[in-house]
Amino acid sequence: MSAPPSEDLVQQWESEQARLRGLVVEQDTEQWQKNPDFLGLERVGGVDLSFIKGDEVNACAQLVVLSYPQLEVLYEDSQMVALTAPYIAGFLAFRETPFLLEALKRLEKNKPELMPQVVFVDGNGLFHYREFGLACHLGVLSGLPCVGVAKNLLQVEGVYKNEEHQSQIAALQKGGDSFPLTASSGKVLGKALRSSQKSSKPVYVSVGHKIGLDTAVRLTHSCCRYRVPEPIRQADCRSREYLRVHFPAAET
DNA sequence: GCGACAG
DNA sequence: ATCTTGTCGC
């Protein structure tokens, strides 16, 4: 039911990723990031899109802003959107970014004082085929510090989900433990993090923009009540709730 | 041909 | 992403 991806489009997207890749800032740029307790950090954002079953186009774009360190929801924005780009692994940003940017724009217009100081993104940052995942894309285009948190491992640049990987996961004993995801080039592209004591399945953290990897991992851990960091979890729950309320299951 | 494939 | 309830364990 879906048209095969146009080669031209994919090449255009690759070229766009290469262009924007050079604008990523992979280090801490904010004062709060250097503080052991993130003193000065008061607002953390989370974004996500939820879909209607069997609907390729319509989705709910969600932005939430939570207080830090309390992690209570200060702001919520749900907006139905019509997606135009197809989902292609490695090009998730072209499908989702425009709507996440619009949500940030609405926030800037309506509650600028609630603009988050860092945004958690559902997906990868530098841990990506061309080192430019969704979290980098949103970071560069918004100018905000962003952290990528993926729930599943993407096999990229020499990182495999093999026995070695499984054994490294088994070695993560307590919440906060992590191990590096190292590309064949030797560069550490991200880290697998045991985000909570309970969940043995890690999350995959990588730099999006304007934050260093170790800071991103430490911050992610500090935002986890459960396996998925609270900002992303809230965005996910609330966008799904929105769909439940506004688009009841179609029966026949 | 086979496996991989963030969300 | 979504399809999907209960169930086993701490």
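Proteins get letters first, then strands, A, B, ... in listed order; numbering begins at 1 in each.
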Without decimals, in angstroms, what is the distance between A:L134 CG and C:dA1 P?
13 Å
Return the value, rounded to whole Å, for the distance between atom CG of A:L154 and atom C1' of C:dA1.
16 Å
Indicate, with a heavy-atom threshold strictly under 4.0 Å, whether A:K198 touches base, sugar-phosphate, or nothing.
nothing
A:G90 near the nucleic acid: base, sugar-phosphate alone, or nothing, with a heavy-atom cut-off under 4.0 Å?
base
Interatomic distance, A:R240 CZ vs C:dT4 C1' [rounded to whole Å]
12 Å
In whole Å, I'd like the distance from the CG atom of A:L83 to the C1' atom of C:dA1.
10 Å
Please lay out, stage by stage, how A:S184 and A:E157 fare under the test side chain to side chain donor-acceptor pair (under 3.5 Å).
CA-CA 6 Å; A:S184 41; A:E157 297 203 46; 5.4 Å; no
What's A:N124 touching, base or sugar-phosphate or nothing? Going by heavy atoms closer than 4.0 Å.
base
Boundaries of the chain A footprint along DNA chain B (any atom under 4.0 Å from a heavy atom)
B:dA4 to B:dG7
Apply side chain to side chain donor-acceptor pair (under 3.5 Å) to A:D48 and list each qualifying residue two or more places apart in sequence or on a separate chain.
none
Donor-acceptor under 3.5 Å (A:H209 side chain, A:G143 main chain)
no
Surrounding NZ of A:K111 (heavy atoms of other residues, nucleotides or ligands, distance under 6.0 Å), is the total greater than 12?
no
Under 3.5 Å donor-acceptor, A:R227 side chain and A:P202 backbone
yes
Ring-plane angle category for A:F94 and A:F91, please: parallel below 30°, perpendicular beyond 60°, tilted otherwise.
tilted
One thing to verify: whether A:E230 and A:R238 come together as a salt bridge, which I'm taking to mean a side-chain N less than 4.0 angstrom from a carboxylate O.
no
Expressed in whole Å, how much space separates the C1' atoms belonging to C:dT2 and B:dC5?
16 Å
In whole Å, I'd like the distance from the OH atom of A:Y226 to the P atom of C:dC10.
19 Å
Within the 4.0 Å heavy-atom criterion, would you say A:Y87 contacts the bases, only the backbone, or no part of the nucleic acid?
base
Please check the phosphate of C:dA1 (OP1 and OP2 only) for any side-chain N or O of A:K151 closer than 4.0 Å.
yes
Would you mind classifying the nucleic acid contact of A:L153 as base, sugar-phosphate or nothing, using non-hydrogen atoms under 4.0 angstrom?
sugar-phosphate
Within the 4.0 Å heavy-atom criterion, would you say A:F91 contacts the bases, only the backbone, or no part of the nucleic acid?
base
Using whole Å, report how far CG of A:N152 lies from P of C:dA1.
8 Å
